[in-house]
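Below is one structure, written out as structure tokens, with a few remarks after it.
Just so we're on the same page: letters track the sequence lines, and every chain starts at 1.
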Protein chains: 2
Amino acid sequence: MSKITSSDVAKLAGVSQSAVSRVFSGASASKATQEKVRRAATELGYRPNVLARSLITGRSRIIGLVVAYLENPFYPDVLERMSKALQAEGYHTLIFMASWTSDVDRVLEELLDYQVDGIIAASVALSDGLIDRCRGAGIPIVLFNRGQEEGGLTQVTCANRAAGAAVAQHLMATGHEKIAHVSGWEGSMTGRDRAAGFAEALAADGRDLKVLPGDYDREKAAAAACELVDGGADAIFVGNDHMAFGVIDALRHERGIAVGKDVSVVGFDDVPMAAWPSYDLTTWQQPSGQMVEAAVDRMMALIEGDASPQRVEIEGRLIQRGSSRKET
Amino acid sequence: MSKITSSDVAKLAGVSQSAVSRVFSGASASKATQEKVRRAATELGYRPNVLARSLITGRSRIIGLVVAYLENPFYPDVLERMSKALQAEGYHTLIFMASWTSDVDRVLEELLDYQVDGIIAASVALSDGLIDRCRGAGIPIVLFNRGQEEGGLTQVTCANRAAGAAVAQHLMATGHEKIAHVSGWEGSMTGRDRAAGFAEALAADGRDLKVLPGDYDREKAAAAACELVDGGADAIFVGNDHMAFGVIDALRHERGIAVGKDVSVVGFDDVPMAAWPSYDLTTWQQPSGQMVEAAVDRMMALIEGDASPQRVEIEGRLIQRGSSRKET
DNA sequence: GCAATTTTTGCATACGTTTGCAAAATCACG
DNA sequence: CGTGATTTTGCAAACGTATGCAAAAATTGC
């Protein structure tokens with residue numbers, strides 16, 4: 001049973017505890033002591049206690065990552081990238097599942113108890129009270145793939161509005177007549193922006209648009225799509241890939257529709273599965289790598305203190321595949 | 001800028017700092033002080049500093065979760081459940097990505113630096129040195145969905161051998177002649193057990209078996225399956241669902257094979273996607289809920305100290321769907 | 001080889017809690 | 001109301017580290 005402390009190492013190395021601390025925290029120390037301390041440390045198997053260190057430095061090198069649901073494969077991908085990117089910066093990830101059932105606030109309070117150096121909220125809305133609290137405690141927040149009007153928070157998203165518009169342009173250019181939309185969740189700005197951009201572009205061409213809510217739910221989206229097609233739609237823009245797969249399955253297997261011929265389906269995200277031949281989904285690519293990079297970069301800047309809240313928008317691009325008609 | 005400590009609360013409440021501590025750590029305190037302290041605490045917005053508490057109690061209420069890759073949708077599901085289950089027990093999850101590129105050991109050392117109360121390793125092998133180290137430090141380890149001969153560790157897996165055998169029985173009973181297997185990774189006991197059980201059951205019936213390695217990689221598995229089918233196979237058992245989807249896609253779109261008629265494909269895991277009509281995959285169900293429950297339960301017992309290493313095997317069952325022939 | 005300067009070192013304190021101990025307060029009960 | 005038993009309370013010492021400060025050692029210039 002071991003609890004090796006810096007004092008133990010100090011004793012063995014014949015130096016003071018402070019010397020050991022200095023060697024491991026990278027402060028100045030002579031070659032001689034460096035050597036002695038390192039030797040003693042490896043002999044005893046000593047490693048500094050991060051918690052004790054945090055207590056005194058006031059920085060835990062822990063980032064709290066709040067994520068709502070991992071059913072949509074976009075988020076596991078983001079989680080993996082995020083965790084690795086933070087690891088590379090010497091930070092670690094304390095993860096919190098904020099299923100819309102449990103209230104986010106209580107969960108976030110617990111996060112704060114761990115003295116996290118920052119919070120990244122992926123696809124989760126934060127209450128104003130919480131935001132104030134974090135600001136008071138000097139804990140930076142970065143919103144990932146979710147915008148929020150209030151709070152003046154740093155946020156990293158795709159250029160959703162422009163993307164929605166671009167998808168609309170594409171569908172019009174490829175000769176679709178009755179264009180419809182299965183939207184995300186009304187409470188998410190991300191979803192609203194996509195829908196708004198899409199609607200604007202159609203309106204600019206004098207077309208009207210039928211929208212049904214999908215709420216990021218596969219089944220609900222599938223049902224909505226069926227209803228839209230029954231109403232004569234020949235193109236459906238779906239709020240994300242995860243729903244789009246459900247839509248394709250339903251159209252194909254419940255309605256017997258040839259997706260990509262009779263009806264075009266376009267998704268959003270470009271998760272790996274979108275490239276699989278069974279779906280071959282035309283979709284707007286959200287470059288998760290770039291987005292994660294930006295989020296981590298902003299977080300680091302905020303922690304260093306030399307940054308003010310900022311809205312980062314990553315472009316992305318349309319990936320044309322077989323689920324949508326190519327020619328007019 | 002706030003850093004409200006128990007002393008601040010004590011001052012406001014007119015009691016000693018220890019009194020505050022006692023109220024928040026659930027020790028005995030009179031109704032009167034309870035009241036005074038709580039009032040003062042909420043007024044100041046005080047919450048105990050978990051790190052400081054951990055330093056003295058020696059328990060961080062953090063569990064380190066090591067996970068290799070989230071590409072296989074089985075793991076996001078597990079991660080979500082695990083994190084929630086631990087949250088419910090008052091623990092939190094520090095996540096570590098151990099991509100086979102970065103060496104697991106270094107990553108785990110960092111985990112230990114955070115004084116985690118336990119480590120759950122999902123689908124990751126631990127070096128003997130690491131295991132000794134953890135045992136020395138009294139940190140319990142639970143292996144999830146991965147066995148390990150050595151080390152005498154607690155592990156939670158599916159009854160892989162029996163499951164493999166059952167799949168073989170099923171394929172024989174439904175009249176398949178040339179049965180083949182795309183295996184997982186040789187380095188994983190989980191994969192080896194499934195393959196072994198499968199092979200044994202076939203051998204018991206006097207049949208031989210062609211096996212090609214899939215290494216849990218979608219593309220590699222797809223190529224292997226094509227090769228097997230070219231060699232005349234009429235049934236393929238694939239080491240997990242994630243690979244099976246690749247296999248189905250390849251057979252269907254590259255070879256033009258009617259999966260479920262010409263060739264049967266059986267997977268392992270029963271991830272949600274397996275039920276989607278585009279794949280409709282016959283597969284062995286690993287009850288992730290039960291497995292997570294067992295893993296967390298074992299972990300709690302180990303932390304309490306009243307448990308010895310144990311191997312838990314969850315049964316699971318075959319889910320018959322359209323990717324395999326039903327009748328003989 | 002000596003004074004002036006720089007680097008290295010140890011001492012002591014602080015970080016925000018929990019907890020053993022003994023004193024103080026409260027309670028039960030004749 | 002007094003005595004003994006019980007509960008509540010404050011004091012002070014931990015937990016394992018970082019760091020300001022002053023003393024000691026090493027380095028430099030001449």
Side-chain angles (χ1 to χ4, degrees), chain A residues 1-38 40-41 44-62 90 110 112-117 137-139, chain B residues 1-38 40-41 44-62 90 110 112-117 137-139:
Chain A
M1 178 66 47
S2 66
K3 269 295 176 202
I4 303 131
T5 75
S6 52
S7 302
D8 298 333
V9 177
K11 207 168 299 170
L12 180 60
V15 297
S16 75
Q17 179 268 330
S18 349
V20 177
S21 166
R22 280 190 258 261
V23 168
F24 277 90
S25 60
S28 67
S30 70
K31 288 278 169 218
T33 32
Q34 290 244 4
E35 177 62 19
K36 280 191 293 185
V37 168
R38 292 220 181 275
L44 295 176
Y46 167 77
R47 308 209 91 213
N49 180 330
V50 176
L51 267 39
R53 174 179 292 175
S54 303
L55 185 55
I56 188 154
T57 60
R59 335 180 88 227
S60 60
R61 301 196 79 84
I62 296 179
E110 292 177 16
L112 295 183
D113 295 348
Y114 280 91
Q115 312 295 112
V116 294
D117 289 345
I139 297 175
Chain B
M1 181 65 47
S2 65
K3 269 295 175 202
I4 302 132
T5 76
S6 53
S7 302
D8 299 332
V9 177
K11 207 169 297 168
L12 180 60
V15 298
S16 77
Q17 180 268 331
S18 348
V20 178
S21 166
R22 281 192 256 260
V23 168
F24 277 90
S25 59
S28 66
S30 69
K31 288 278 168 216
T33 33
Q34 290 245 4
E35 177 61 21
K36 279 190 292 185
V37 168
R38 294 220 180 276
L44 295 175
Y46 167 77
R47 307 209 92 212
N49 180 331
V50 176
L51 266 39
R53 172 180 294 177
S54 304
L55 186 54
I56 188 152
T57 60
R59 337 181 86 229
S60 59
R61 302 196 79 84
I62 298 178
E110 291 177 18
L112 295 183
D113 295 348
Y114 279 93
Q115 313 297 112
V116 294
D117 288 345
I139 298 175

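- Distance A:R47 CZ to D:dT17 P: 12 Å, rounded to the nearest Å.
- In this structure, NZ of B:K31 is placed 14 Å from P of C:dC27, rounded to the nearest angstrom.
- B:T33 comes within 4.0 angstrom of the backbone, heavy atoms only, and of no base.
- DNA chain D is contacted by both B:Q17 and B:L55; B:Q17 maps to the nucleotide lying nearer its 5′ end (nearest heavy atom per residue).
- Atom CD1 of B:I4 and atom P of C:dT17 are 10 Å apart (whole Å).
- Heavy-atom nearest nucleotides on DNA chain D were determined for B:R22 and for B:I56, and the one closer to the 5' end corresponds to B:R22.
- For the pair B:S30 and D:dT8, the criterion of a side-chain N or O lying under 4.0 Å from OP1 or OP2 is not met.
- Proximity of B:S6 to the phosphate of C:dT17: a side-chain N or O atom is located under 4.0 Å from OP1 or OP2.
- Between the side chain of A:S6 and the backbone N or O of A:V20 there is no donor-acceptor pair closer than 3.5 Å.
- Regarding B:K11, its NZ atom lies at a distance of 14 Å from the C1' atom of C:dG16, rounded to whole Å.
- Counting distance only, with no hydrogens placed and no angle test, the side-chain atoms of A:S18 and the base atoms of C:dC11 include a donor-acceptor pair under 3.5 Å.
- Residue B:S16 has no polar side-chain atom (N or O) positioned under 4.0 Å from OP1 or OP2 of D:dC11.
- Within 4.0 Å of A:S54, counting heavy atoms only, lies no atom of the nucleic acid at all.
- For the OP1/OP2 pair of D:dA18 and a distance below 4.0 Å, the side-chain nitrogens and oxygens of A:S21 include at least one atom meeting the criterion.
- Atom CG in B:L51 sits roughly 11 Å away from atom P in C:dG16 (whole-Å rounding).
- A distance of 6.5 Å separates OG in A:S54 from OH in B:Y114, rounded to the nearest 0.5 Å.
- Applying the 4.0 Å criterion to OP1 and OP2 of D:dG16, one finds that B:Y114 has every side-chain N and O outside that range.
- When the C1' atom of D:dG16 is taken as reference, atom NZ of A:K3 falls 10 Å away, rounded to whole Å.
- Computed from coordinates, the B:Q115 CD to D:dT17 C1' distance equals 11 Å when rounded to whole Å.
- Following rounding to the nearest Å, A:R61 (CZ) and D:dT17 (C1') show an atom-to-atom distance of 16 Å.
- You'll find that the side chain of B:A52 is closest to C:dG16, out of D:dT17, C:dG16, D:dG10.
- Summarising the geometry, atom CD belonging to B:Q17 is positioned 9.0 Å from atom CZ belonging to B:R22; distances are rounded to the nearest 0.5 Å.
- Each of A:L12, A:V15, A:V9 was scored for a side-chain contact (heavy atoms from CB on, under 4.5 Å) with A:K36, with one residue passing: A:V15.
- Contact of the B:R38 side chain with the B:F24 side chain is registered, since non-hydrogen atoms from C-beta on lie closer than 4.5 Å.
- Inter-residue side-chain proximity for A:L55 and B:N49 is flagged as met; some heavy-atom pair is nearer than 4.5 Å.
- Annotation: of the two residues near DNA chain C, A:G14 and B:S25, the 5′-most nearest-nucleotide partner is A:G14.
- Using a 4.0 Å heavy-atom distance criterion, A:V20 is classed as making no nucleic acid contact.
- Using a 4.0 Å heavy-atom criterion, one finds that B:V50 contacts no nucleic acid atom at all.
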